[in-house]
Amino acid sequence: MSVAEIQRAESRGTSALRRFLRKRSGVAGLVMLVVPLLAGLCAPLLVWIEGQDPSTLHTELLDPDGGRPLGVLGGVSADHWFGVVPVTGVDLFAQIVYGIRSSLFIAFGASILSIVVAAVLGTAVGYFGGWFGAVVGRLIDFMFGFPGLMFVIAIMAIVPPEMPRGLVLVLVLAFFGWTVPARIIGAQAGAVNARAFVEAARATGAPPWQIIRREMLPHLFGLVVVLFAMSLPGNVSVVAGLSFLGVGLRGDVPDLGKLLSDSLPWIYSGADVWYMLFPGAVVFLIVFGATLAGDALRDVLDVRTEDAS
């Protein structure tokens, strides 16, 4: 890229950042997303500061008759910030921050992989069109009619225990997650391909991949970022839902969905409602925050808004 192109890109980025910061809902959503993300990244440090770990049993903090945590709010104290897990007495805060780590890493990995595939195929469809676009379009139509969620559940139910379930989840979610973004990017790439600057680059004899990389992708970058932000809460929900159903991560790996699933009997009996409150609040913050941030990014990075300004 030339110096002028770099300066224009920096100017657009600064302008987009200013517009985003003016949207209170977007900033609030970003905070809701970043705080749990930082907690997951810093899980070992936070657990060390608390003085606990995600595996030690504290049966002395449980009611010997029913296994319910002693004390208020499920055993919340200076030593156990979110209380302890019923029956086992494991520190709930440690379980949650390590659960955030595993859930968000899988969701981020699946979203990144699916958006990369969607960006490559969608941009290629928009530029080349013809038989290539027809083949990709029929493949997307087939994927739309495929029962993706049922297939994911079936795959995770038969995954051998020696296989890394987190990696399998990333690959399976990405396999079913690229279709909608690819169709959206393909439609926008087709519109960009018909613009004058692309025609001028083609007239100079520039090779296709150079035109795609230097002329088309910069105009599609905002859309790609928005689609990534919009796919993230869906993947977080799916990861939590699979663990809730018992086909997610292994039982010894902390996971938010598994915590929610394990809390159901205690909610039904009314013995410990706080067990569901803390992990449920974290899942809500991640999904709602990512949705708000994605909506704000959609408005800020919209191509028409950028061109109009």
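Values in this document were obtained by computation on a predicted structure and should not be read as measured data. Position 1 is the first residue of the sequence, and the numbers go up from there.
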Without swapping roles, check the side chain of Thr123 against the backbone of Val120 for a donor-acceptor pair under 3.5 Å. no

Is there a path from Leu260 to Leu285 through hydrophobic residues (I, L, V, M, F, W, Y) whose side chains come within less than 4.5 Å of each other? no

Please enumerate all residues that pass salt bridge (Lys or Arg N to Asp or Glu O under 4.0 Å) together with Arg24, with sequence neighbours excluded. none

Nearest 0.5 Å, please: how far is OG1 in Thr179 from CG in Leu139? 9.0 Å

How long is the gap from CZ on Phe108 to CG on Asn235, to the nearest 0.5 Å? 10.5 Å

Between Val226 and Gly294, which heavy-atom pair has the shortest distance, and what is it? CG1-O, 4.3 Å

Show the nearest heavy-atom pair for residues Gly89 and Leu62, with the distance to one decimal. N-CD1, 3.7 Å

side-chain contact (heavy atoms from CB on, under 4.5 Å) assessment of Leu173 paired with Val239: CA-CA 9 Å; Leu173 292 179; Val239 172; 3.8 Å; yes

Apply side-chain contact (heavy atoms from CB on, under 4.5 Å) to residues Phe176 and Leu149 and explain how you reach the verdict. CA-CA 9 Å; Phe176 289 102; Leu149 183 58; over 6 Å; no

Do Met276 and Trp266 touch side chain to side chain, with heavy atoms closer than 4.5 Å? no

Nearest-0.5 Å distance, CG of residue Leu92 to OG of residue Ser263: 9.5 Å

Please determine which of Val31, Leu37, Leu38 meets the side chain to side chain contact (heavy atoms under 4.5 Å, CB included) test together with Val35. Val31

Short N-O contact, Asp141 and Arg183, less than 4.0 angstrom: yes

Flag side-chain contact, heavy atom, 4.5 Å: Ile184 against Gln188: no

Test Phe228 against Trp178 for ring-ring contact (aromatic ring centres under 6.0 Å, His included), laying out the working first. CA-CA 10 Å; Phe228 168 78; Trp178 66 270; over 10 Å; no

Examine Trp131 and Val136 and state if one hydrophobic cluster contains both, with Ile, Leu, Val, Met, Phe, Trp and Tyr joined whenever side-chain heavy atoms are less than 4.5 Å apart. yes

CD1 of Ile212 to CG of Leu217, rounded to nearest 0.5 Å, is 7.0 Å

Using a cut-off of 6.0 Å, state whether more than 12 heavy atoms not belonging to Phe221 lie near its atom CZ. no

I want to check something: taking the side chain as every heavy atom from C-beta on, are Pro69 and Leu61 in contact at a cut-off of under 4.5 Å? no

Sub-6.0 Å ring centroid separation between Phe93 and Trp48: no

Do Pro233 and Phe288 have side chains that approach each other closer than 4.5 Å (heavy atoms only, starting at C-beta)? no

Is there a side-chain contact (heavy atoms from CB on, under 4.5 Å) between Arg195 and His219? Walk through the geometry before answering. CA-CA 11 Å; Arg195 297 177 68 175; His219 288 79; 4.1 Å; yes

Please check: side-chain N/O of Gln95 versus main-chain N/O of Pro54, any donor-acceptor pairing under 3.5 Å? yes

pair Val192-Phe197: side-chain heavy atoms closer than 4.5 Å: yes

Is there a donor-acceptor pair closer than 3.5 Å between any side-chain N or O of Ser243 and the backbone N or O of Ala240? no

Test log, rule side chain to side chain donor-acceptor pair (under 3.5 Å), inputs Asp255 and Ser103: CA-CA 6 Å; Asp255 182 77; Ser103 299; 3.2 Å; yes

Mind checking whether Met163 and Arg165 have side chains closer than 4.5 Å, heavy atoms only? no

Grouping I, L, V, M, F, W and Y whenever their side-chain heavy atoms are under 4.5 Å apart, do Ile96 and Val236 come out in a common cluster? yes

Smallest separation among heavy atoms of Ala189 and Gly122, with atom names: CB-O, 3.8 Å

So, do Tyr275 and Leu259 sit near enough that their side-chain heavy atoms are less than 4.5 Å apart? yes

Looking at OG of Ser111 and CE of Met230, how far apart are the two atoms once the value is rounded to the nearest 0.5 Å? 11.5 Å

Locate the shortest heavy-atom distance separating Gly109 from Val170; write the atom from each residue and the value. C-CG1, 3.7 Å

Do you reckon Val152 sits in the same ILVMFWY cluster as Met150, going by side-chain contacts under 4.5 Å, direct or chained? no

Provide the closest heavy-atom pair for Val97 versus Ala39 in the form atom of the first, atom of the second, distance. CB-O, 4.1 Å

Quiz: residues 76-87 side-chain donor-acceptor pairs under 3.5 angstrom, not counting sequence neighbours:
from, atom 1, to, atom 2, distance (Å)
Ser77, OG, Asp79, N, 3.4
Ser77, OG, His80, N, 3.2
His80, ND1, Asp91, OD1, 2.8
Trp81, NE1, Ala78, O, 3.1

Does Val27 belong to the same Ile/Leu/Val/Met/Phe/Trp/Tyr cluster as Leu292, with side-chain heavy atoms less than 4.5 Å apart forming each link? no

Between Asn193 and Met216, does the side-chain contact (heavy atoms from CB on, under 4.5 Å) criterion hold? Intermediate values first, please. CA-CA 7 Å; Asn193 185 49; Met216 298 183 66; 4.0 Å; yes

Look up atom CD in Glu199 and atom CZ in Arg202, then write down how far apart they are to the nearest 0.5 Å. 4.5 Å

Are Met32 and Phe284 packed together at the side-chain level, in the sense that at least one heavy-atom pair is separated by less than 4.5 angstrom? no

Can you list the residues that meet the ring pair (Phe, Tyr, Trp, His ring centres under 6.0 Å) rule with Phe132, with sequence neighbours excluded? none

Closest non-hydrogen atom pair between Gly133 and Val125, with its separation: CA-CG1, 3.9 Å

Can you check whether Gly257's main-chain N or O pairs, donor with acceptor, with Ser261's side chain at less than 3.5 Å? no

